[in-house]
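Letters A, B, ... are given to chains in the order of the sequence lines, protein chains preceding strands, and every chain is numbered from 1.
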Number of protein chains: 2
Amino acid sequence: MLQILSVIGDKWSILVIGQLRDGTLRFGELHRAVKGISQRMLTLTLRQLERDGLVTRTVHPSVPPRVDYALTELGTTLLDSVVALGHWATAHRQEITTHRRRYDAARRP
Amino acid sequence: MLQILSVIGDKWSILVIGQLRDGTLRFGELHRAVKGISQRMLTLTLRQLERDGLVTRTVHPSVPPRVDYALTELGTTLLDSVVALGHWATAHRQEITTHRRRYDAARRP
DNA sequence: CCGTATCCTCGTCGATACTG
DNA sequence: CAGTATCGACGAGGATACGG
């Protein structure tokens with residue numbers, strides 16, 4: 001069970017899956033879309049997702065090389081929960097930061 | 001945005017919130033319910049959740065001491081997404097492990 | 001019972017440099 | 001363009017001991 005949570009408990013995984021909701025993206029496009037992720041972590045995250053059967057990796061033997069990533073059917077089923085989390089996060093972001101400030105203010109007089 | 005994902009991107013947070021879905025729990029009860037968590041991490045996780053306004057902490061001044069934790073209204077709204085993730089995880093656990101074995105077998109001949 | 005305080009150890013991640 | 005390799009720093013987190 002903890003093994004499965006590691007799939008979704010990784011923030012990069014969630015963000016990458018979220019980006020793939022509208023269809024196929026290239027490596028570089030993902031790199032630009034997911035702000036703050038390093039090339040290394042993007043590679044590792046995609047490998048992980050591919051290993052778990054959540055995304056497909058398609059290499060086009062061209063020059064320059066082109067690699068496309070897309071959600072599998074299994075990945076799409078997860079997407080619903082992920083977007084729900086995304087909605088929750090954006091909906092309550094302000095509320096949470098307010099709580100944090102209040103909490104910190106109470107403990108640092 | 002990444003700050004908010006840190007709330008749910010932590011596996012302990014997710015597990016703790018999941019345990020609180022049926023109501024109030026004491027510290028020790030949570031400690032036993034969430035398998036594998038250390039006392040230290042449970043404390044830190046609960047402080048984090050309290051700081052974010054997802055959990056209330058109620059100290060009963062008795063001997064021995066008793067501390068109850070419960071979800072706030074905000075925490076309950078998150079619970080829906082969390083249980084959705086939980087359902088997804090249990091529903092596809094087998095499928096994912098199968099993918100993993102297949103992937104590993106293909107790369108380790 | 002419910003913590004806090006230390007210490008110490010792993011793994012994780014970013015930076016950088018280099019290939020096909 | 002899309003990676004792989006290497007390294008070094010950093011912090012999460014377990015173990016332990018102790019306090020209210």
Side-chain angles (χ1 to χ4, degrees), chain A residues 1-16 19-20 23-52 55-70 103-104 106-109, chain B residues 1-17 19-20 23-52 55-70 103-104 106-108:
Chain A
M1 185 61 179
L2 289 183
Q3 335 284 341
I4 306 302
L5 273 182
S6 70
V7 181
I8 50 192
D10 179 29
K11 69 176 179 185
W12 293 130
S13 297
I14 294 180
L15 294 174
V16 167
Q19 287 300 325
L20 290 174
T24 300
L25 284 181
R26 303 183 54 175
F27 182 89
E29 292 172 331
L30 277 171
H31 194 23
R32 280 184 294 276
V34 182
K35 292 299 181 188
I37 194 172
S38 65
Q39 197 177 26
R40 182 176 178 274
M41 286 316 295
L42 180 56
T43 300
L44 292 177
T45 301
L46 288 169
R47 287 290 177 282
Q48 179 77 44
L49 293 175
E50 185 194 4
R51 186 171 102 105
D52 292 339
V55 305
T56 58
R57 177 174 183 268
T58 310
V59 180
H60 298 89
S62 58
V63 178
R66 175 194 183 95
V67 182
D68 287 336
Y69 293 92
Y103 184 92
D104 293 346
R107 295 179 62 96
R108 292 185 181 270
Chain B
M1 184 63 181
L2 290 183
Q3 335 283 343
I4 306 302
L5 273 183
S6 71
V7 180
I8 52 192
D10 179 29
K11 69 175 179 185
W12 293 131
S13 296
I14 294 180
L15 293 174
V16 167
I17 289 174
Q19 288 299 327
L20 290 175
T24 300
L25 284 181
R26 302 183 55 178
F27 183 88
E29 291 172 332
L30 276 171
H31 194 21
R32 281 184 295 274
V34 181
K35 292 296 182 189
I37 195 173
S38 64
Q39 196 180 28
R40 182 177 177 273
M41 286 316 295
L42 180 55
T43 300
L44 292 178
T45 301
L46 288 169
R47 288 290 177 282
Q48 178 76 43
L49 293 175
E50 187 194 4
R51 185 172 102 106
D52 292 339
V55 158
T56 57
R57 177 174 184 267
T58 310
V59 180
H60 298 89
S62 57
V63 179
R66 175 193 183 95
V67 183
D68 288 337
Y69 293 93
Y103 184 93
D104 293 346
R107 296 179 63 97
R108 292 186 181 269

Please state how far atom CZ in R47(B) lies from atom C1' in dT4(C), giving the value in whole angstrom units. 9 Å
Test side chain to side chain donor-acceptor pair (under 3.5 Å) applied to R40(A) - qualifying residues, sequence neighbours left out: none
Student check: side-chain heavy atoms of T58(B) and H60(B) closer than 4.5 Å: yes
Could you give the NE2-to-P distance, from H31(B) to dG3(C), as a whole number of Å? 11 Å
Using chain A heavy atoms and a threshold of under 4.0 Å, write down where along DNA chain D the contacts begin and end, 5' to 3'. dC1(D) to dT6(D)
Give the rounded distance in Å between these two atoms: CZ of R57(B) and P of dC1(C). 16 Å
Quick one, L30(B) and L20(B) - any side-chain contact, counting heavy atoms below 4.5 Å? yes
If I take atom CG from residue L5(A) and atom CG from residue D10(A), how far apart are they, to the nearest 0.5 angstrom? 12.0 Å
Heavy-atom check, side chain of Q19(A) versus side chain of V34(A), under 4.5 Å: yes
Tell me the interatomic distance from H60(B), atom NE2, to dG3(C), atom P, rounded to whole angstroms. 12 Å
Less than 3.5 Å apart, which donor and acceptor atoms pair up between the side chains of residues 42-51 of chain B and the rest of the protein, not counting sequence neighbours?
unit_1	atom_1	unit_2	atom_2	d
T43(B)	OG1	Q39(B)	O	3.0
T45(B)	OG1	M41(B)	O	2.7
Q48(B)	NE2	D52(B)	OD2	3.3
R51(B)	NH1	D104(A)	OD1	2.9
R51(B)	NH1	D104(A)	OD2	2.5

Are V67(A) and R57(A) close enough that some pair of their side-chain heavy atoms sits under 4.5 Å apart? yes
Rounding to a whole Å, what distance do you find between L25(B):CG and dC2(C):C1'? 15 Å
Pick the nucleotide of DNA chain D nearest each of T43(A) and R26(A); which residue has the one closer to the 5' end? R26(A)
Can you list the steps and then say if L25(A) with Y69(A) is a side-chain contact (heavy atoms from CB on, under 4.5 Å)? CA-CA 5 Å; L25(A) 284 181; Y69(A) 293 92; 5.7 Å; no
Check: T56(A) and D68(A) side chains under 4.5 Å, non-hydrogen atoms: no
Identify each atom pair where a protein N or O and an N or O of nucleotides 18-20 of chain C are less than 3.5 Å apart, giving names and distance.
none

N/O to N/O distances under 3.5 Å, protein versus nucleotides 7-14 of chain C:
unit_1	atom_1	unit_2	atom_2	d
dG14(C)	OP2	S38(A)	OG	3.0
dG14(C)	O6	R40(A)	NE	3.3

To the nearest 10 degrees, the angle between the two end axes of the helix from dC1(C)-dG20(D) to dG20(C)-dC1(D) (five pairs per end) comes to 50°
Nearest whole Å is fine: how far is dC1(C) P from L30(B) CG? 14 Å
